[in-house]
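First the structure, in the form of structure tokens, and then the observations on it.
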Amino acid sequence: MLVEDQVLRNDWIVASKIDDVKEAPLQVTILGERVVLFRNEEGIHAFKDLCIHRGAALSLGCVKDGNLVCAYHGWEYDSDGACKKIPQLPEGRQIPLKAKAIKFSTKEAYGFVWVNLNNNEPELFHYPEFSDDSYRHVLWGPQEVNANPPRIVENFLDVGHLAFIHEGFLGVQEHPVINDYDIHWEDDRVYSDEIAIFQPDPDGSGESKDVYYTYEVNRPLSVRFTKRDPDTNNKFTILLTILPVAERKSIAYGVMSFNYENELSDEKIVEFQDMIFAQDKPIVENQKPEDLPLDLQVELSLKCDMMSIAYRKYLKKLGVTLGTE
Ligand code: FES
Ligand code: CO
């Protein structure tokens, strides 16, 4: 069961773009749990999407004077989930102490709202580019995928497919070889050495050449790569983070960060990334088994799959059960 993955319940899970949480309450499903996000003057809040009175979805209601109001009978909950008003109560009658919404911890960072279902608020992983003024950031997603998160994440960390699935964009079939590289483990973070990838036109000049990719796992569902141009030292990073919705249902989000001038509009950059992702989607939606095998004897890995193997070891070490076998 999704809701039982305690490693992920203990972690910060991406729930939405900050800007997508507007006046009206928003329902999101996190690890099979329906959650309502709403905004008032104090910020963005997350409750279990369930009114204790008759089980209505609080996301069907509205925000009034900073309180989340249930659509069914108008009970009003404040930012902490305490019920402040029950319209049906006669004058002088106390609001029952049990009248509460179940609140989840939230954090706003890197353009996204993150929710912690177990309310234990661990430190969020670092994405240093985001606080670096020399970078421009473009948010990407939501992209729905009918696959479990580990298959989606591993695809993102997979070096060997670029020349095939993304032929003509991120690689060319005449240059499929991946040279050996090393992996480094540091606390909860795993990253690769720079890996040379031959690309048809990495900087828009029309010239094909090698660029260097570094892959990094920050959390079970948050990973990144940085692509470096050896001639200019231009760097482009994509952070990928996955919202596990339900069994074989995920939503992918990302941040694309550039430390160089790029005349493309945000829309064009998102459009390109959508096109690339659309090439990966049929692969991850049809992989068998749907759950990522953590037993390294299952499936046949090559030396160039070291990053994927490191990711599998990482999930095993942390004890992630969702989407693994
Ligand atoms: Fe929410 Fe009755 S179900 S107020
Ligand atoms: Co791909």
Side-chain angles (χ1 to χ4, degrees), residues 25 27 34-36 38 47-64 67-78 81-89 93 95-96 98-103 140-141 143 145 147 149-173 175-176 178 192 195 197-200 202 211 213-215 217 223-227 236-242 250 252-254 256 270-287 292 304-305 307-308 311:
Q27 185 188 69
R34 292 202 311 190
V35 173
V36 53
F38 71 99
F47 295 164
K48 192 178 172 83
D49 194 11
L50 184 81
C51 181
I52 194 168
H53 177 220
R54 282 296 175 267
L58 290 170
S59 55
L60 295 172
C62 64
V63 178
K64 197 182 84 190
N67 290 338
L68 180 58
V69 186
C70 181
Y72 202 5
H73 310 93
W75 292 24
E76 293 184 21
Y77 300 91
D78 71 7
C83 186
K84 291 305 206 193
K85 187 172 174 188
I86 295 183
Q88 292 77 16
L89 283 183
R93 201 79 57 86
I95 292 174
K98 272 189 165 167
K100 272 195 189 122
I102 295 166
K103 187 177 165 73
W140 172 79
Q143 275 281 351
V145 193
R151 283 289 190 192
I152 305 168
V153 172
E154 193 185 79
N155 164 261
F156 183 85
L157 300 172
D158 183 286
V159 206
H161 82 291
L162 299 179
F164 291 86
I165 292 299
H166 308 300
E167 146 115 278
F169 299 101
L170 307 181
V172 289
Q173 287 199 21
H175 293 261
I178 309 292
S192 74
I195 306 167
I197 295 167
F198 187 88
Q199 295 194 332
V211 286
Y213 274 58
T214 316
Y215 291 91
V217 176
V223 299
R224 49 185 289 184
F225 73 71
T226 296
K227 164 174 156 178
F236 168 55
T237 297
I238 301 187
L239 172 78
L240 174 82
T241 186
I242 309 289
S250 302
Y253 282 105
M256 293 175 275
V270 167
E271 212 174 272
F272 180 80
Q273 199 51 38
D274 284 348
M275 182 274 291
I276 294 292
F277 196 71
Q279 297 177 326
D280 289 310
K281 225 172 122 169
I283 298 290
V284 299
E285 289 187 336
N286 289 286
Q287 273 174 296
L292 195 68
C304 69
D305 296 319
M307 193 64 220
S308 308
Y311 178 58

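Every number for a ligand or one of its atoms is a count from 1 in the order of the listing.
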When rounded to the nearest 0.5 Å, the distance separating CD1 of Ile86 from CD of Glu76 is 10.5 Å

**N, O or S atom of Cys70 closer to atom 1 (Fe) of ligand 1 than 2.8 Å** = yes

task = Please work out whether the ring planes of His53 and Trp75 are parallel, tilted or perpendicular, with thresholds of 30° and 60°.
result = parallel

Of Val36, Ile52, Val69, the one forming a side-chain contact (heavy atoms from CB on, under 4.5 Å) with Tyr77 is Ile52

At a threshold of 2.8 Å, where the distance has to be below it, does the Co ion (ligand 2) have an N, O or S atom of Asp280 nearby?
yes

Between the NE2 atom in His161 and the CG atom in Leu170, the distance rounded to the nearest 0.5 Å is 7.5 Å

Atom name of the N, O or S atom of His53 nearest to atom 2 (Fe) of ligand 1 is ND1

Worksheet entry | Contact check: Cys51 to atom 2 (Fe) of ligand 1, N/O/S below 2.8 Å | no

In this structure, atom 3 (S) of ligand 1 is nearest to the protein heavy atom Arg54 N, 3.3 Å

- prompt: Which of parallel (below 30°), tilted (30 to 60°) and perpendicular (above 60°) describes Phe198 and His175?
  reply: parallel

In His73, the N/O/S atom nearest atom 2 (Fe) of ligand 1 carries the name ND1

Answer key: the N, O or S atom of His166 nearest to the Co ion (ligand 2) is NE2

In Val159, Val223, Thr226, the residue satisfying side-chain contact (heavy atoms from CB on, under 4.5 Å) with Tyr215 is Val159

